[in-house]
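Report on the following structure.
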Amino acid sequence: MKDVRLRFAPSPTGYLHIGGLRTALYNYLFAKHNNGQFILRIEDTDRTRYVEGAIENLIESLQWAGIEYDEGVFVEEGKIVQRGECGPYIQSERLDIYRKYVDELIEKGDAYYCFCSKERLDKVREEQKIKGLIPKYDGLCRSLSLDEAKERIANGEEYVVRLKLPAKKDIKFKDLVRGDIVINTEDIDDQVLLKSDGYPTYHLAVVVDDHLMGITHIVRGEEWLPSTPKHVYLYEVFGWEKPTYVHLPTVLNKERKKLSKRHGDVSVEDFREKGYLPEGLINYLALVGWSPEDNEEILSMDELIEKFSFERVSKTGGIFDRDKLDWVNEHHIRNYDIDKLTQLAIPYLKEANLIDDKFIEEKYDWIKTLVETVKESISSISEIVDKADIFFNNKVEPEDEEALSVLKQEHVSELLNA
RNA sequence: GGCCCCAUGGUCAAGCGGUUAAGACACCGCCCUUUCACGGCGGUAACCCGGGUUCGAGUCCCGGUGGGGUCACCA
């Protein structure tokens with residue numbers, strides 16, 4: 001059997017999102033479960049949304065989470081590098097490739113030049129809405145002859161290239177978690193494939209790249225389901241073998257809406273700063289939308305890889321539950337290597353001005369004992385500050401029975417006498 | 001609004017024609033503990049509605065309803 005190849009393909013428009021992390025995770029788990037490859041590709045075809053440093057950030061977050069990939073974009077010594085046979089892995093560096101395939105489509109009559117201005121398009125859509133119609137491209141440039149189009153281009157007119165969809169054709173595809181999906185071309189627009197700035201849209205780039213990079217399984221959020229027929233159609237006209245599609249259920253907030261920046265706490269970085277362990281976040285996230293056959297809930301990455309399958313991915317969107325995340329994270333904290341945990345705790349204690357470098361050097365073992373003592377009562381590492389505070393600055397005397405009663409444990413006297 | 005997807009306790013979820021409908025989080029009791037936490041024991045709580053199919057539907061089909069997604073030169 002052919003090796004499976006999967007990819008995570010975020011766009012560098014900000015930080016890695018919790019939903020994005022789960023998508024990356026499921027891709028990774030499936031790839032590793034099948035001893036296949038996992039690739040990181042950067043989809044930066046929208047120049048207006050590009051955020052400086054976003055690529056480095058994305059990679060940093062994936063690395064922190066323990067999601068490793070075999071090919072694609074990496075950061076080495078602070079610089080972005082690419083590794084693999086199918087590069088470049090940054091779409092803005094593949095413009096000539098897309099151009100070639102766009103030309104092929106035009107030649108075959110499966111795409112056409114369109115000169116409609118943004119203003120005209122807006123106006124058309126506005127009028128359609130008023131009439132109660134579905135906003136859709138009216139096809140003005142569809143019938144333009146190639147010669148005429150080329151002449152207008154020669155005259156310096158701006159243009160885009162649109163996909164020429166056949167009328168009233170059912171496009172079918174199979175989704176591993178949703179089964180058979182049929183959508184009629186009547187309900188889809190003649191999608192823009194090449195923008196006027198010469199960059200491809202997602203719809204063209206994703207198909208070309210996934211094919212060229214040998215991607216076997218496309219695993220992404222279900223918001224892509226409605227545009228999948230466009231992609232499927234492109235595979236058909238190019239005569240390429242179609243990948244297997246897997247559309248994942250959405251991760252929702254307590255309002256049952258897609259997680260968004262407005263509600264806060266959606267970037268992986270936020271959770272890292274709050275002191276969640278990567279193992280805890282990953283473990284919990286795996287459980288939103290998937291469950292193992294044995295219903296075990298505390299799982300390491302290796303166990304997740306071993307047990308993961310798309311057959312057990314649910315169709316329903318799941319709410320991101322902070323309480324349960326805390327519970328999962330607590331388990332990982334308790335079982336964590338004490339030295340690693342101490343290392344993670346130190347920055348929080350430092351920031352709270354409870355300890356300094358000198359203190360760390362002189363009393364590392366004391367700090368370790370402290371961490372050991374309080375680790376059972378915290379659900380994220382940042383909470384250690386509150387729990388540890390009482391041991392500092394002579395807030396409590398070893399004789400103070402009443403104060404001690406708050407936290408008396410086997411190590412308490414040891415800590416206080418230090 | 002058109003199209004698409006979805007529907008088991010408050011939440012995550014087992015279930016894939018016959019079960020007293022698991023388990024976990026949260027919540028509420030009790031126990032343990034000089035307190036808290038951890039741990040242990042127990043409890044409250046669910047198959048959206050209506051039609052079919054079937055000897056028998058949470059499970060299959062159809063229709064409603066509800067929720068979500070999508071209708072860009074954004075991904």
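Chain naming here is simple, since letters A, B, ... match the order of the sequence lines and numbering starts at 1 in each. Computation of the quantities below employed the complete heavy-atom set of this structure, encompassing side-chain atoms and omitting hydrogens, waters and symmetry-equivalent molecules. Source: prediction; values computed, not measured.
- The P atoms of B:rG58 and B:rG51 are separated by 13 Å, rounded to the nearest whole Å.
- For A:E151, the CD atom is loosely surrounded, since the number of other residues' heavy atoms within 6.0 Å does not exceed 12.
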Restricting both atoms to N or O, compile the protein contacts to nucleotides 27-30 of chain B shorter than 3.5 Å, with distance only.
none

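- Atom CG of A:L204 and atom P of B:rA75 are 11 Å apart (whole Å).
- Between A:E269 and A:K274 there is no salt bridge, since no side-chain N of the basic residue sits under 4.0 Å from a carboxylate O of the acidic one.
- Protein atom CG of A:D46 is 10 Å distant from nucleotide atom C1' of B:rA72, rounded to whole Å.
- Every side-chain hydrogen bond (donor to acceptor under 3.5 Å, both in side chains) that A:D170 has, sequence neighbours left out, goes to A:N184.
- Counting heavy atoms of neighbouring residues, nucleotides and ligands inside a 6.0 Å radius, atom OH of A:Y348 exceeds 12 of them.
- B:rU59 sits 14 Å from B:rG9 when the P atoms are compared, rounded to a whole Å.
- Comparing the C1' positions of B:rG43 and B:rC5 gives a spacing of 37 Å, expressed to the nearest Å.
- For A:D175 (side chain) and A:G179 (main-chain N/O), no donor-acceptor pair under 3.5 Å exists by modelled atom type.
- Judged by a 6.0 Å distance limit and a 45° cone about the ring axis, A:K340 is positioned over the six-membered ring of A:Y336.
- A salt bridge links A:K242 with A:E236; the closest basic N to acidic carboxylate O contact falls under 4.0 Å.
- Between A:T45 and B:rA75, a side-chain N or O to OP1/OP2 separation shorter than 4.0 Å is present.
- Within the structure, every pair that satisfies the salt bridge (charged side-chain N to carboxylate O under 4.0 Å, His left out) test and touches residues 107-119 of chain A, not counting sequence neighbours, is listed here: A:E104-A:K108.
- Side-chain rings of A:Y276 and A:Y284 stay apart, their centers remaining 6.0 Å or farther from each other.
- A ring-centre distance under 6.0 Å is not found for A:F271 and A:W64.
- Annotation: salt bridge (Lys or Arg N to Asp or Glu O under 4.0 Å) contacts of A:K375 (sequence neighbours excluded): A:E372.
- Annotation: proximity of residues 332-343 of chain A to RNA chain B (heavy atom, distance under 4.0 Å) is found for A:R334, numbered in ascending order.
- Annotation: proximity of residues 139-173 of chain A to RNA chain B (heavy atom, distance under 4.0 Å) is found for A:V160, A:R162, numbered in ascending order.
- Across B:rG10 and B:rA46, the matching C1' atoms stand 11 Å from one another, rounded to whole Å.
- Of the charged side-chain nitrogens involved, none lies within less than 4.0 Å of a carboxylate oxygen, so that A:D103 and A:K100 do not count as a salt-bridged pair.
- The 5' end of RNA chain B is approached more closely, in terms of each residue's nearest nucleotide, by A:H331 than by the other of A:S227 and A:H331.
- Rounded to whole Å, the separation between the P atoms of B:rG23 and B:rU44 comes to 12 Å.
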Filtered N/O pairs between nucleotides 1-5 of chain B and protein, under 3.5 Å:
from  : atom 1 : to     : atom 2 : distance (Å)
B:rC5 : O2'    : A:R178 : NH1    : 2.4

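- With A:Y113 as the fixed residue, the side-chain contact (heavy atoms from CB on, under 4.5 Å) test singles out one of A:V160, A:V102, A:I153, A:L144: A:I153.
- Taking 4.5 Å as the limit, some side-chain heavy atom of A:T228 sits within range of a side-chain heavy atom of A:Y245.
- Salt bridge A:R152/A:E158: absent, no basic N to carboxylate O contact under 4.0 Å.
- Contacts of residues 53-69 of chain A with RNA chain B (heavy atom under 4.0 Å): none.
- Distance NZ (A:K123) to P (B:rC73): 17 Å, rounded to an integer number of Å.
- A salt bridge is absent between A:K164 and A:D190: the closest approach of a Lys/Arg side-chain nitrogen to an acidic carboxylate oxygen does not fall below 4.0 angstrom.
- In this structure, A:Y98 places its OH atom 16 Å from C1' of B:rC73, rounding to the nearest Å.
- Closest approach of A:I333 and A:I381 over heavy atoms only: CD1-N, 4.2 Å.
- Between A:D147 and A:K150 there is no salt bridge, since none of the side-chain N atoms of the basic residue sits less than 4.0 Å from a carboxylate O of the acidic one.
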I'd like a table of atom pairs between the protein and nucleotides 41-46 of chain B - only N or O on both sides, under 3.5 Å - with the distance next to each one.
none

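- Ion pairing between A:K32 and A:E306 fails under the 4.0 Å rule for side-chain N and carboxylate O.
- The existence of a salt bridge linking A:R5 and A:D210 is excluded, since no basic side-chain nitrogen approaches an acidic carboxylate oxygen closer than 4.0 Å.
- For the pair A:D44 and A:R49, the salt-bridge criterion is not met [side-chain N within less than 4.0 Å of a carboxylate O].
- Between A:E43 and A:R41, at least one side-chain nitrogen of the basic residue sits less than 4.0 Å from a carboxylate oxygen of the acidic one, meeting the salt-bridge criterion.
- Comment: A:E296 does not engage A:K307 in a salt bridge, judged by the lack of any side-chain N to carboxylate O separation of less than 4.0 angstrom.
- Side chain of A:S267 to backbone of A:L16: no donor-acceptor contact under 3.5 angstrom is found.
- Using a 4.0 Å cutoff on non-hydrogen atoms, no part of residues 304-311 of chain A comes near RNA chain B.
- Donor-acceptor pairing under 3.5 Å, judged by distance alone, is present between the side chain of A:S196 and the base of B:rC73.
- Between B:rC32 and B:rG68, the two P atoms lie 48 Å apart (nearest whole Å).
- No salt bridge links A:D180 with A:K172; every basic N to acidic carboxylate O contact stays at or beyond 4.0 Å.
- Ranked by how close their nearest RNA chain B nucleotide is to the 5' end, A:W327 and A:E330 are led by A:W327.
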Tabulate protein N/O versus nucleotide N/O from nucleotides 9-14 of chain B, keeping only pairs under 3.5 Å, one per line.
from   : atom 1 : to     : atom 2 : distance (Å)
B:rC12 : OP1    : A:R256 : NH2    : 3.4
B:rC12 : OP1    : A:I319 : N      : 3.2
B:rC12 : O2'    : A:L287 : O      : 3.0
B:rA13 : OP1    : A:G289 : N      : 2.5
B:rA13 : O3'    : A:S291 : OG     : 3.4
B:rA14 : OP1    : A:S291 : OG     : 3.1
B:rA14 : O5'    : A:S291 : OG     : 3.3
B:rA14 : O2'    : A:N295 : ND2    : 3.4

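- Cation-pi geometry between A:R22 and A:Y26 is met: the NZ or CZ atom falls under 6.0 Å from the ring centre, inside 45° of the normal.
- With both ends at atom P, the span from B:rC36 to B:rC31 equals 12 Å, rounded to whole Å.
- Between B:rC12 and B:rG69, the distance separating the two P atoms is 15 Å to the nearest Å.
- The CG-C1' distance, from A:N329 to B:rC25, rounds to 14 Å in whole Å.
- B:rU33 atom P lies 17 Å from atom CD of A:E376, rounded to whole Å.
- Distance NZ (A:K258) to P (B:rC6): 17 Å, rounded to an integer number of Å.
- Atom CZ of A:R7 and atom P of B:rA75 are 14 Å apart (whole Å).
- For RNA chain B, if you chain together Watson-Crick or G-U pairs that step i with j, i+1 with j-1 and so on, the runs of at least three with distances under 3.5 Å are B:1-7 with B:65-71, B:10-12 with B:23-25, B:27-31 with B:39-43, B:48-52 with B:60-64.
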